[in-house]
Every structure is written in C-alpha cells, then in structure tokens.
Amino acid sequence: MEQRDEPTKDQKIWQVVIAIPAGKVASYGQVAEMAGLGRQARYIGRALGKLPPGHSVPWYRVIRSNGQIAFPQGSDIYQEQVALLGAEGVEVINGRVAMGRFRWQ
C-alpha cells in the first residue's frame, strides 16, 4: 500500500493563504479555522514567519480580525504590507482594512 505524506500544519496554513484572492484579506482566526486548526490564530503568524526565501505565499493578505495590520505602524514590514495590499486595491486607512469590504468569503 502506498503511503502519502500528509501536509504539515505550516503547509496547511500556507495552502489556505495561497487561496486568498488578490484584493481580499483574511484574519488570522479565519485562516486557522480553514486550515483545520480551530482557534489557533496565534500560530498563523508564526507559520507565516517560517516561510522560506523566495516563496510565493501572499502573507500580507492576513491581518487581525478587526482589520488592523499586526505590525507596528511605521516599521519596514508594516510599510511593505501596506504597499503590497495597496497594489491589489486594498485600502489601508490608519493601519486598518475595512473588513466588510475586503474580507475574503
């Protein structure tokens, strides 16, 4: 009988994040639920932090459930996330995204 490798917890998270369409965002909790991880929203950020160099996972589409960018305003990574979201048409105003307008699903 052939044995198939199951995706790791991190790989499940990355697969969900890859599925988020351009111009949409998802919360850490939403990604956790869709990856079958229940209420492990805090783990999502750690998994995204483990992405290998040169990856194509759109990590910047994952934000807090209240629409807030998780990084400190003014930091390089915050500026990068805002720029990447803006390039996809997602408006970030005062560090927040309007979840009613841009939330995936």
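Along the sequence shown, residues are numbered consecutively beginning with 1. Every heavy atom of this structure was used, including side-chain atoms; hydrogens, water molecules and symmetry mates were not.
Minimum heavy-atom separation, Trp104 to Ala19: CZ2-O, 3.5 Å. For the pair Ser27 and Ser65, the tightest heavy-atom approach, listed with the atom from each and the gap, is CB-CA, 3.6 Å. Nearest heavy atom pair, residue Ala26 against residue Val31, reads CB-CG2, 4.0 Å. Residue Arg46 comes nearest to Arg42 through the heavy atom pair NH1-O, 3.7 Å, listed as atom of the first residue, atom of the second, then distance. Closest of all the heavy-atom pairs between Tyr78 and Phe71 is CD1-O, 3.5 Å.
Listed by chain and residue number, Pro7 satisfy the side-chain contact (heavy atoms from CB on, under 4.5 Å) test with Gln15 (two or more places apart in sequence, or in another chain).
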* Derivation and outcome, side chain to side chain contact (heavy atoms under 4.5 Å, CB included), residues Trp59 and Glu80 -> CA-CA 11 Å; Trp59 60 269; Glu80 181 180 0; 3.9 Å; yes
* Asked: Given the rule in the side chain to side chain contact (heavy atoms under 4.5 Å, CB included) test, do Asn66 and Met99 qualify, once you have shown the distances and angles that lead to the verdict?
  -> CA-CA 7 Å; Asn66 65 0; Met99 292 299 276; over 6 Å; no
* CA sep, side-chain torsions, deciding dist, call: Val25, Val62, side chain to side chain contact (heavy atoms under 4.5 Å, CB included) -> CA-CA 6 Å; Val25 295; Val62 182; over 6 Å; no
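The backbone N or O of Ala47 sits less than 3.5 Å from a side-chain atom of Trp14, completing a donor-acceptor pair. Between the side chain of Gln81 and the backbone N or O of Ala70 there is no donor-acceptor pair closer than 3.5 Å. Put simply, the side chain of Arg39 never gets that close to the backbone of Gly29: no donor and acceptor are under 3.5 Å apart.
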What pairs of donor and acceptor atoms, side-chain ones from residues 82-94 against any protein atom, are under 3.5 angstrom apart with sequence neighbours left out?
{"unit_1": "Glu88", "atom_1": "OE1", "unit_2": "Gly23", "atom_2": "N", "d": "3.2"}
{"unit_1": "Glu88", "atom_1": "OE1", "unit_2": "Arg61", "atom_2": "NE", "d": "3.0"}
{"unit_1": "Glu88", "atom_1": "OE2", "unit_2": "Tyr60", "atom_2": "OH", "d": "2.6"}
{"unit_1": "Glu88", "atom_1": "OE2", "unit_2": "Arg61", "atom_2": "NE", "d": "3.3"}
{"unit_1": "Glu88", "atom_1": "OE2", "unit_2": "Arg61", "atom_2": "NH2", "d": "2.5"}
{"unit_1": "Glu91", "atom_1": "OE1", "unit_2": "Arg101", "atom_2": "NH1", "d": "3.1"}

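Defined by atom type and a distance below 3.5 Å, a donor-acceptor pair is present between the side-chain atoms of Lys9 and Gln40.
Taken from CD1 in Ile63 to CD1 in Ile69, the straight-line distance is 5.5 Å, to the nearest 0.5 Å. With values rounded to the nearest 0.5 angstrom, Ile44 atom CD1 is found 9.0 Å from Asp10 atom CG. Here the CD-NZ distance, from Gln11 to Lys50, works out to 11.0 Å after rounding to the nearest 0.5 Å.
Residues Lys24 and Gln105 fail the side-chain proximity criterion, which asks for heavy atoms closer than 4.5 Å.
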